[in-house]
Amino acid sequence: MLYAVPAGLSLRGWNMPDQFNVLLEVRNVRKFFGVRGKSVLPTAKYVQAVNEVNFSVRRGEVFSVVGESGSGKTTLGQMLIRLLDPSDGEIMFDGVDLMTLDDQQMRRARKRMQIIFQDPYSSLNPYMTVGDAIGEVLEVHGITKTTAERDQRVDDLLETVGLRSATSVRYPHEFSGGQRQRIAIARAIAANPEFLVADEPVSALDVSVQAQILNLISDLRASMGLTMVFISHDLAVVRHIADRVAVMYLGRIMEIADVDEFFDRPLHPYSQALLSAVPTPDIRRSKQRQVLSGEIASPMSPPSGCVFRTRCPHAIEACAGVVPPLELKSATRSSACIRDDLLK
Amino acid sequence: MTDTRPVLAELQDVSVSFTKGNVTAHVVDSINLSIKEGETVALIGESGSGKSVTSLAIMHLLPRAKIDGKIMWHGKEGARNLLALSTREMRSFRGGSIGMIFQEPMTSLNPLFKIGDQIAEAARLHRPVSRQEARQIAEDSLRLVGIPEPRGRLNTYPFEMSGGMRQRVMIAMSLVCRPALLIADEPTTALDVTIQAQILELLRRLQEELGMSMLFITHDFGVVAEIAERIAVMYAGQIVEQGATQQILENPVHPYTRALLNAIPRLDKRSARLASIEGVVPDPRALPPGCRFATRCQFAVPDLCTSQPPPLSELQDGHAVRCARWPEFARVEYA
Amino acid sequence: MLKMLILRIIQSIPVLVIVGAVVFSIAVALPGDPSLIILGENAPEVERQRIRLELGLDRPVLVQFGDWMFKAVQGDIGKSYKTGEPVVSVLAARIPVTLQLAFLSMLFAVVVGVPLGMIAAIKRNSWVDAVVSVLSVSALAMPFFWVGILLIMLFTLKLRLLPPFGYVPFSEDPVQNLRFMIMPVLTLGSAYVALVARQTRAAMVQVLSSDYIRTARAKGASELRVVTVHGFRNALVAIVTVIGLQFAGMMGGAVVTETVFQLPGLGRMITNAIFDRDYGLMQGGVLVVVLGVIIVNLLTDMAYWLLDPRIQR
């Protein structure tokens, strides 16, 4: 056998996880949301936001989840730190299923995991000074004992993210978008977490500021040894920051691959179309592209079989019959497509 | 190869300011820009650059602003200054000779009216057509922008459509009177990348078919490379560099343009660090006396850059740059 | 539409039951004995006992409630303890008075308030806006009885134009009826003019700053068209909401207004019934008011449905 597979686990959807090196393992996770019908009687309609998702994140890596709106990437991100409970499946953090933890155990686990969001303004309490917002995290997790200690640590954190310590007495509305994202990051790293979920952290920012924040995230990752799940719709940003990439479409993972492989030779037809659609500031490259027709199907009634088949240029009849499993196509990548003939 | 197409619209020293109390914010400052017939010009800049305000000024859609300068329109009836028109005359331009689409397709359509009625309204406002004819125009318009089963779609409401479809409806509505100029204010920014590709392709096709000019407002150099023939880069209310798309993308001269291009993560190569531009855009209520980018520019030198504003100097073939030190930078090959 | 209506009617049944229970238990908990009211202070104990038996007041409270509800569903909500008249017929005489008062007041509030609010929104931050705002606040701040007295001083004592108080049914003498109604309607309506104007202004300001208004202008629509066609219809949902919500509050205002102008309406009837310990009448009156509020809510929902296609589909 070419690569070892942990006993008792199926080969599906795995990219050779080294058992001891894995921090986060997502197994068969689904999330269904009930939708209220418009008739008199409550009807059982469900949105399949996330469906049969499997992957693992190694310690110290940046694992990026990319997808368009409606792909389920944000829902998935919130489940990873249990802001949302999965309908089914397991989220193993450092070998423990988060769903089995009680409230107190979960609080302790939260200290090790944090999240930053796209809109830093709405995730900061407008009536709390920056210092108090960050200090609160320190107090909740019992990291600092005295006020002086707390204030000192807040100042250090602000400096770490590139803000002057004097900013601690000011309120969120006094800052620009980029500065607010720095504050949100300072708060997220206050408890010294091992694991960070970043949900579109730079999407709301201007290019020049985006670069500042991406650089900051890279620096912190190196200095703190962070493991990250980086959720984004922006493929160029992903290429810049990720080690591995998972592509989602309509709640399912289409492909998982190492970053360079993915961008140099995407396997899945959706990955190919997605990459081709990105406009690049390069006048020579921009003229040839493949434009996908149609739009993403409704998650309330996804197509049978492969969810991408309705827009796929390579779809054949068999694609409607079976949900293609996410399977290994080489040592480092897996893809959910039955058309292996395309790989040649 | 010289461009012999006649000029359609020309912004001459256009400035826009907003006054509140005794504080005045100079949001757009002496913009000079011309758009030729059938040409696509992109205004590119980050938030606060004044690009959207410039486009709204052309349409007189800034009720509280003071607009100076001239916006010359070279139509069939000869040249006219749009800024000197009466409200009534300007209304016939809006939606007539000039169409406009916006960034947010989700909120740009009236939620309470059927899309067929909204498109038909645009036709009836400018042409003496019956209800029935207007409906037919609406249907044809939906077909033009590639909406399947256009007749049935006339009776749907905006909330029943996706963002991409709504943007198509907006485009259909802006084109019912076959405008000579379409102003597109970040029309694909709110859309997914595969839908963005569809809309860009649609706009390109429509421009070719209808022979209209386009003023494209965006913050995205990738989109610009797709669609524009010429680019004007805006910073803090001024055009800092303009020229053919290829000139700007491959041989940018202004430090801001260069820094911006370096700050964009690239699909084709992975760099360890992105070049970022430190600092923030100056406050339009308190602009620096010299070059507006000087506070963030790594090449800024005292006096030369900080004492007086640099003029927009022409390098060659319409490539112009607003930088006091441009001769030094122009010689350096862009890596 | 029908589906929604049925659903809403089913939903209002528990509300009616709960309100019935609350009204009933308040009547039971109130001090004072109905038998004394019917027979007078010095009635012999035997007679009082007989009356209590007759009214069924000796039975357990729950049984009394069940019995009352059972009859109420059939349309029999008992008799007035004081006069022995069926409550239904008393109500039948009172309801039109209050209905007319409420309807005319709301009409006045809408006819004056909506245009004021629209003008204030269009001329936002101008002196017009300021004047409307000041007027609104003053109208809201004045208590009903005081406005009523001011009006009487002006129209009756000073100008000698209107009768100070009294009532004639519309069917008997429409002109005289309206003359009696003018001052009560002005009294009750003025506060609602202010509320409607403020709500209209807020809704219009928000609507006028939305993207689709910019789109309408970009299409070349005239300012008048932008405001009336695109703006007003969108603001209407919020305006209807305030009208619907304020209707319940209006019943409270009606009590005071009816008392000041001696109108024989529901409000005054309920107040008197409470003073008289006439539980039968009071229960009936409150039930009608609650029913009225429920119906208005239903109408509000139907208005939403008509106004907003997003609810229809």
Side-chain angles (χ1 to χ4, degrees), chain A residues 66-71 162 175-179 202 204-216 218-219 232-242 249 259-260 263-264 270 273-287 289-296 298 311, chain B residues 44-49 146 148 161-165 188 190-202 218-228 244-250 256 259-281 296:
Chain A
V66 303
E68 299 180 271
S69 41
S71 64
F175 297 90
S176 70
Q179 289 171 319
V202 296
L205 305 175
D206 273 324
V207 171
S208 64
V209 182
Q210 166 179 296
Q212 297 170 8
I213 299 297
L214 286 175
N215 287 338
L216 172 64
S218 297
D219 293 348
S232 179
H233 72 281
D234 188 330
L235 287 152
V237 166
V238 166
R239 160 134 238 194
H240 178 74
I241 202 137
Y249 186 83
V259 66
D260 287 334
F263 284 94
D264 294 341
Y270 178 59
L274 200 57
L275 275 174
S276 163
V278 179
T280 48
D282 183 340
I283 203 150
R284 273 176 273 262
R285 257 183 62 121
S286 63
K287 296 305 170 199
R289 78 174 58 257
Q290 164 202 357
V291 176
L292 272 186
S293 62
E295 301 189 347
I296 194 162
S298 160
R311 297 174 75 191
Chain B
I44 189 164
E46 299 184 280
S47 19
S49 63
M161 307 181 112
S162 67
M165 279 297 160
T188 60
L191 303 174
D192 277 323
V193 61
T194 57
I195 306 301
Q196 164 170 285
Q198 291 174 0
I199 297 292
L200 288 178
E201 193 183 60
L202 172 70
T218 184
H219 69 281
D220 188 332
F221 272 107
V223 170
V224 158
E226 293 275 310
I227 202 143
T245 304
Q246 194 165 355
Q247 281 172 334
I248 304 284
L249 291 181
E250 293 179 356
Y256 175 66
L260 211 50
L261 279 164
N262 272 330
I264 304 169
R266 301 287 292 245
L267 263 192
D268 47 352
K269 55 181 181 233
R270 183 174 177 140
S271 48
R273 258 189 110 67
L274 294 170
S276 64
I277 308 173
E278 298 307 323
V280 290
V281 182
R296 302 172 75 188

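Bear in mind the structure is a predicted one, so any value in this text is a computation, not a measurement. Quick note on labels: first sequence line is chain A, next is B, and so on, each numbered from 1.
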Check your understanding: In chain order, what residues pass the side-chain hydrogen bond (donor to acceptor under 3.5 Å, both in side chains) check against B:Asp220, with sequence neighbours excluded?
Key ->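 side-chain hydrogen bond (donor to acceptor under 3.5 Å, both in side chains) check on B:Asp220 returns nothing, list empty.
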Where on [X] is there a heavy atom nearer than 4.5 Å to chain A: the side chain, the backbone, both, or neither?
{"X": "B:Glu46", "answer": "both"}
{"X": "B:Val223", "answer": "both"}
{"X": "B:Gln196", "answer": "side chain"}

Which of the residues [options] is involved in the greatest number of heavy-atom pairs with chain B at under 4.5 angstrom?
{"options": "A:Leu235, A:Leu274, A:Asp260, A:Asp219", "result": "A:Asp219"}
{"options": "A:Gly67, A:Gly162, A:Ala236", "result": "A:Ala236"}
{"options": "A:Ile213, A:Leu292, A:Val238, A:Val209", "result": "A:Leu292"}
{"options": "A:Gly178, A:Ala242, A:Ser293, A:Ala273", "result": "A:Ala242"}

Practice item. Could you verify whether a donor N or O on one side chain and an acceptor N or O on the other, from B:Ser276 and A:Gln212, lie under 3.5 Å apart? Key: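 Side-chain D/A pair, B:Ser276 to A:Gln212: absent.
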Review point. In terms of heavy-atom proximity below 4.5 Å to chain B, should A:Gln179 be classed as side chain, backbone, both, or neither?
Key: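 For A:Gln179, there is no contact with chain B at all, as no heavy atom is under 4.5 Å.
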Exercise for review: Would you mind checking which part of A:Ile241 comes under 4.5 Å of any heavy atom in chain B, side chain (CB onward), backbone (N, CA, C, O), both or neither?
Suggested key: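 Contact with chain B is through the backbone of A:Ile241 alone.
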Point to revise | Under 3.5 Å: donor-acceptor pair, side chain of B:Asp192, backbone of A:Ser69 | key: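 Yes, because the side chain of B:Asp192 sits within donor-acceptor range (under 3.5 Å) of the backbone of A:Ser69.
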Check your understanding: Within the distance-only criterion (no hydrogens, no angle test), does the side chain of A:Glu68 pair as donor or acceptor with the backbone N or O of B:Leu191 below 3.5 angstrom?
Key ->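 Not confirmed, A:Glu68 side chain does not pair with B:Leu191 backbone.
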Heavy-atom pair with the smallest gap, counting every atom of [X] and [Y]:
{"X": "B:Glu226", "Y": "A:Pro279", "result": "CG-CB, 3.7 Å"}
{"X": "B:Met165", "Y": "A:Glu295", "result": "N-OE2, 3.6 Å"}
{"X": "A:Gln210", "Y": "A:Val202", "result": "OE1-O, 3.6 Å"}

Review point. Any idea which of B:Ser162, B:Gly164, B:Gly146 has the most non-hydrogen atom pairs under 4.5 angstrom with chain A?
Key: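 Most heavy-atom pairs within the cutoff with chain A belong to B:Ser162.
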**Study point:** Best-contacting candidate, B:Gly279, B:Gly163, B:Ala259, B:Ala263, against chain A by heavy atom pairs under 4.5 angstrom
**Key:**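 Highest number of heavy-atom pairs under 4.5 Å: B:Ala263.
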Check your understanding: Partners of B:Phe221 by ring pair (Phe, Tyr, Trp, His ring centres under 6.0 Å), sequence neighbours excluded?
Key ->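 Scan of B:Phe221 (ring pair (Phe, Tyr, Trp, His ring centres under 6.0 Å), adjacent residues dropped) gives none.
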